[in-house]
2 protein chains.
Amino acid sequence: MLYFIGLGLGDAKDITVKGLEIVKKRDLIFLESYTSILGGCSHQELESFYGKEIIVSDRECVESGAERIIESAGEKNVAFLVVGDPFGATTHQDLFMRAMEKSVKVEVIHNTSIINAIASCGLWLYRFGEIISIPFWDGEWRPTSFFDRIVDNFERGLHTLCLLDIKVKEKSVENIIKNRNIYEPPRFMSVNVAAQQLLDIVQSRDSKDITSQTQCIAAVRVGTPSQRFLTCTLEQMKEVDMGGPLHSLVVIGKMNAVEEESLKCFCETS
Amino acid sequence: MLYFIGLGLGDAKDITVKGLEIVKKRDLIFLESYTSILGGCSHQELESFYGKEIIVSDRECVESGAERIIESAGEKNVAFLVVGDPFGATTHQDLFMRAMEKSVKVEVIHNTSIINAIASCGLWLYRFGEIISIPFWDGEWRPTSFFDRIVDNFERGLHTLCLLDIKVKEKSVENIIKNRNIYEPPRFMSVNVAAQQLLDIVQSRDSKDITSQTQCIAAVRVGTPSQRFLTCTLEQMKEVDMGGPLHSLVVIGKMNAVEEESLKCFCETS
C-alpha cells in the first residue's frame, strides 16, 4: 500500500489528523524534497514529531528510483510525504499512476497548497487564471513563454499566480561533465529575481499590457507564522526585502471593488 | 481572537493537527454550513470528535450576523470552521476583514479544497483556467455568463473546474412574501443538471467550441472514501448516476499526452 500524504505548508502540525495516524503506522516513510520545502521545520523535526525515521528523497530517487518506492509498497506499508498537496506537482501523479499499473494499492491524503492558500493575499480564487512557473534563467537560456500566459490572463482581467523556481541538489555543468557527485547549494528564486526577469521581458518586447507599473503581490512563506504579503509595482518588486524562501509572485489583473478593499487589509505596501 | 479553520473535504479527521489543537481550546465554535458540506460526517460527529458544542451557522448568521461572531471574538477565543479551505468562499475573506477592522486578532489554518484536490482526476492543476460556478436556473432566471468563461478557457486549451450550486436553508417565494420561517429542503446540483443546463446553452447559441460531444469529468465526493471520477461527453453526462453530493464538473480543454494517459488511470468511463 502506498499513501500519498500532503503536509501542508507550515510545520509538522499542518499534517491532517488522518495523515498523522497513517504515518505513525507505516513501515517506510519517504519525504519528497525537491519540488518544495516545509517552511517551518526540518526533516529531523518531522522525524521527532512522528517518532519515525524518514528517507529524504531527491528528484533522482523519486523519478529514476520510482521502482524502488513502488516495489517497497508492494510488500510493505509505505507513506510518501509531499509538502503542500500530493498532486501539486505533476511528478507525483506519475508516481501514483505507475504504482496503480503495478497493482499497488494507493490512497491520497490531501492538504492545502499555495494554490488555495494564496487567497490569504485578499484576491478571490475565482479571479485567477492559469498558474505559471518562472524558471531561473541561466546564461543564454532565457525562456519567456510563461510571459505570454501572464498576458493572456491579464487581458481577461485575471490574476496570475507565478510559482518561482527552486533548485535543490543540482550539479554544475563542470561536475556533470566530470561525473562528480558534488552538488550546488540549494537556490530558491526570490520575488526580486522574478521581477527582474519579467522586467527584462517587458523591456525586450516593449510590452503594453504588463509594464514596469503593473501591480503585483509578493506572497512569501505562505502558511507559516512568518507569512507576508506585500503589494507594489513590478518595478518596485525588484528592490523589496521579503526575507527567506519560499516566495511566490502574483501579477494582478483587474480587481473588483471588494478585492481592492481586501488588498488594503491583507497586504503591506512598499 | 478569531481562528478560521479549514476542515478539508472528507470527515472529522481531515482537520490538521494544528487546527484540532486550536478547536479543543476554544470557548465558542461556529461551523459555516451554507457554502459546502463535509462529505463524510455530520456536525454531531464533529462535536463528539472535538468534545465541544458547535454552533451551526447559516448564511444569515455569517453574513447578517457577522457582528455577533466578531464581538464574541473580541471577548472570547472563537473558532470559525469552514469545509475545505477557509478562503475558498469569498464571504469568509469579508468576515476576516471585518474582524481586522474591529482590531480582533485573526489567524487562518488552511486546508485542502476542491481547487487543489481536483488534481486527483488526473489532469494537471497548471492546465486549469478560471474557476466558475454554475447556479441553479429558476423559471425565467437562466443566467449564462459562466458559459463564456468556459469557452475562454477552452479556446486557450485550458480545463474548467465548474463548482455546482448548493441551496441550503432557502425559502420559497411564497414563504418569503408571507414572511414565514419555513425552509425548503437542501438542494445540491448534480452533474446531470449541470450538463443539462450547459447543453441548453450549447443549443441556444449553436456553439461550435463547446458541444454535446465535449469531453468532461464528473468529480464527485472528492476527498471522501466514496470519491468517484468519471469521464464522458457532455451529452452522456446528463444520464450518469454518480450518487449523492457534492458534485463538481470539469470541462476538459486540450490534454497533453501524459494527461490522456492519466485520465485512463484516474477516471472511470461511462
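Here is the naming used below: chain letters follow the sequence lines, and residue numbers restart at 1 for every chain. Being a predicted model, the structure only gives us computed values, none of them experimental. These values consider heavy atoms only, across backbone and side chains, with no hydrogens, waters or symmetry-generated copies.
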**Study point:** Neighbours of chain A found in residues 120-127 of chain B - heavy atoms under 4.5 Å
**Key:** Ser120(B), Gly122(B), Leu123(B), Trp124(B), Leu125(B), Tyr126(B), Arg127(B)
Point to revise | Pick from Leu20(A), Leu9(A), Asp94(A), Asp11(A) with the largest number of heavy-atom pairs that fall under 4.5 Å of chain B | key: Asp11(A)
Point to revise | Interface moiety of Leu163(A) toward chain B, non-hydrogen atoms closer than 4.5 Å | key: side chain
**Study point:** Under 3.5 Å donor-acceptor, Asp85(B) side chain and Ala117(A) backbone
**Key:** no
Point to revise | Atom pair CD/CD of Glu261(B) and Gln93(A) - distance to nearest 0.5 Å | key: 13.0 Å
**Study point:** Part of Glu21(B) lying under 4.5 Å from any heavy atom of chain A
**Key:** side chain
Review point. Given a strict heavy-atom distance threshold of 4.5 Å, which part of Ile15(A) is in contact with chain B: side chain, backbone, both, or neither?
Key: both
Practice item. Determine whether Arg156(A) and Asn153(B) make a side-chain contact, defined as any pair of heavy atoms from C-beta on separated by less than 4.5 Å. Key: yes
**Study point:** Met97(A) portion near chain B, given a 4.5 angstrom heavy-atom threshold
**Key:** both
Review point. So which part of Glu259(A) gets closer than 4.5 Å to some heavy atom of chain B, the side chain, the backbone, both or neither?
Key: neither
Practice item. Take atom NZ of Lys13(A) as the centre, draw a 6.0 Å sphere, and report whether it contains more than 12 heavy atoms from other residues, nucleotides or ligands. Key: no
Revision key, fill the gap. Rounded to the nearest 0.5 Å, the CD1 atom of Ile131(B) sits from the CG atom of Leu158(A) at a distance of 10.5 Å
Check your understanding: Checking heavy atoms, do the side chain of Phe96(A), its backbone, both or neither come under 4.5 Å from chain B?
Key -> side chain
**Study point:** Per-residue contact mode, Asp152(A) against chain B (heavy atom under 4.5 angstrom)
**Key:** both
